[in-house]
2 protein chains.
Amino acid sequence: MTTINDIAKLAGVSRTTVSRFLNSNGYVGQEARERIEQVIQETGYMPSQSAKSLRTKKTGVIGIILPKISTETSSRVVSGINDVMKKKGMQILLTDTELDPDKEIEYLRLLKSRQADGIILLATNISERLQKEIDAIPIPVVALGQDVPGIPSLTYADYDASSDMMQLLIGKGHERIGFIGVSNTDPAVGGIRQKAYKEMMQKHGFEVREGWIAEGDFSIESGYEAMKQIITSDRTEVPTAIFCVTDRMATGAMEYLKEQGFRIPEDIAVAGIGDAVMSRYITPSLTTVDYFNEEAGEATAEMLLATMEGKNYNKKNMHKYRLIKRDSV
Amino acid sequence: MTTINDIAKLAGVSRTTVSRFLNSNGYVGQEARERIEQVIQETGYMPSQSAKSLRTKKTGVIGIILPKISTETSSRVVSGINDVMKKKGMQILLTDTELDPDKEIEYLRLLKSRQADGIILLATNISERLQKEIDAIPIPVVALGQDVPGIPSLTYADYDASSDMMQLLIGKGHERIGFIGVSNTDPAVGGIRQKAYKEMMQKHGFEVREGWIAEGDFSIESGYEAMKQIITSDRTEVPTAIFCVTDRMATGAMEYLKEQGFRIPEDIAVAGIGDAVMSRYITPSLTTVDYFNEEAGEATAEMLLATMEGKNYNKKNMHKYRLIKRDSV
DNA sequence: AGATGATGTGTAATCGATTACACACCGTTT
DNA sequence: AAACGGTGTGTAATCGATTACACATCATCT
């Protein structure tokens, strides 16, 4: 590999001058400039980022810690982050915890060691150890999707969105409303959304029947199983509506209901959250909440950028959302 | 940030010993080992990757050049790559060309400058300039999805899969078969799949009518528009089957057909390629080809690893596939 | 007893960039 | 004519690790 020294030698100048040329700071004469330009052209020289980073402490890389790479939400968020970051000439380093809380910590360390300029954390749960780790890290960290104490976070409006959805269901006359959630170790998806469900039920004086509540693990199949569990728990009295905390689980739930000959929404209405692409094209199309994931990714990126510049310390934001009424309700 | 020198000083040894401890090479005595261990524990020291990379020329990062981050295919492939790479302690740096061929070159350069240990290219088209750039790069590059001359490539079995699908259609008695493709600047998706379509039609002596061929841009909407174009080109004689080169476009096509009151598959059969998750849950479920994207990602990662070790030079592989017969045909 | 080899540690060069500082030149101002 | 400031370039230290080489110690073998 050609180095800055080679370029300097070939162009007959010192490496300082070459460096000045590369970074366009300081003076570089016309002649020197031309010779350097030419030599770089000929050699295809590219400065070593490692050397640069070692000196400047800037890597131009921001790390993203995802629960899972290949989900629609993740890829939409990453796409949004990337849109903002590429404009700043920053690259994205991906890591994937596979929903393992230990890995969140492990990757936080790793990104520290790689001296990422910033970190975006899509946490799933917030342990004390994670907190400590974040506090100990000399790199700006921001969170998306969960309110992580101590750092700037952009959360989805889980409570409001869920309440709105419940209100929609209730407005259509539903009283026997079932719920398919996820483990409440996930505060946002598991905790808050269920809280909204229960509080809305109670507020309207509807019975929250245990048999109508089931838990999945984000997968379509688990939605299917959860739905089966709810239906078979008491065949004599099934709910007239099901509120699922994700579109994927709602899709699975619908699959089961269709198999069993239930008409959607006439017999049972189904609602989800997340506006997966799929939701629009399944039959009936799914009523859901759009969380604007790309934009949330962009906003989080901006938040990180601001934090990196020292602004914006510990700001908390809630992202916008939009109820999408389709045919499943 | 604490450095190796700090650790050495605190532990009362030289930095050489600390380095030996860290990399577990060379001898380190019991006492020294314990002291170093403790100091590292206390300080939370992490070695600087930049410094390490500068010396060793290894970054532990592999770059992926994607046409688009937020597509299902991309995220599945990346997930597969990541599964393999994480076992080797390698991280993934993502770049996204937005289908712009110039960016493929730009990112190749960038990854060179970042001294990625290897590069996986999901090319969309193969220009001469790209070729030259690849040749000039002192980093192993492998390709997925396109046969890129001069480097190891894993391609999908586009010709065979398309032929099989055509055979399925023809076996069901279809003779008037339409085609929704993409621009043939993309050799694999645009070129080969169309070639298979045309050759199968000709082989069976069926007329390839121009009005029954339309081009989309991978999006669902473009599939919708392409279908519309085909149907409206000659209302008196519409095809009885449509072969779409991607599931997304097939989804759009089905959407249009359903709107227009066509029954699928009775009036018009629809087939796709790619086995998007969605395809199973739309109505009717879509007949398609599973390309095993995760596994293809894994295989490509293994190919890169082998290439990085000097084996495997310029090997060409074709990935397996599986026809999935569902209700749309 | 001297040679040998395993064990344990340190010295110092090196990787490829950035940058503070010094210096030289030259036209303009006072 | 001396002082000054803008231009243009070079010297050398520095970032934080790795590693070739040298050296010291000690147990074992011949």
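Here is the naming used below: chain letters follow the sequence lines, and residue numbers restart at 1 for every chain.
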Could you tell me whether A:Phe21 contacts a base, only the sugar-phosphate backbone, or nothing, with contacts defined as non-hydrogen atoms closer than 4.0 Å? nothing

Touch class at under 4.0 angstrom, heavy-atom based, for A:Thr3 against every strand present: sugar-phosphate

Mapping B:Lys52 and B:Arg20 to their closest nucleotides on DNA chain D, which lands nearer the 5' end? B:Lys52

Crowded around B:Glu31 CD? As in, over 12 foreign heavy atoms under 6.0 Å? no

Out of A:Glu294, A:Glu298, A:Glu295, which residue meets the salt bridge (charged side-chain N to carboxylate O under 4.0 Å, His left out) rule with A:Arg76? A:Glu294

Evaluation steps, side-chain hydrogen bond (donor to acceptor under 3.5 Å, both in side chains), between B:Tyr291 and B:Asp158: CA-CA 9 Å; B:Tyr291 267 175; B:Asp158 290 306; 2.8 Å; yes

Under-4.0 Å salt bridge between A:Asp117 and A:Lys57: no

So which one's nearest nucleotide on DNA chain C is more toward 5', A:Val18 or B:Gly29? B:Gly29

Would you call A:Lys316-A:Asp147 a salt bridge at under 4.0 Å N-O? yes

Span of DNA chain C in contact with chain B (heavy atoms, under 4.0 Å): C:dA6 to C:dG16

Regarding B:Thr16, tell me which of base, sugar-phosphate or nothing describes its non-hydrogen contacts under 4.0 Å with the strands shown. base

Walk me through whether A:His319 and A:Leu144 qualify under side-chain contact (heavy atoms from CB on, under 4.5 Å). CA-CA 10 Å; A:His319 204 59; A:Leu144 173 57; over 6 Å; no

With sugar-phosphate meaning primed atoms plus P, OP1 and OP2, does B:Ser19 contact a base, only sugar-phosphate, or nothing at under 4.0 Å between heavy atoms? base

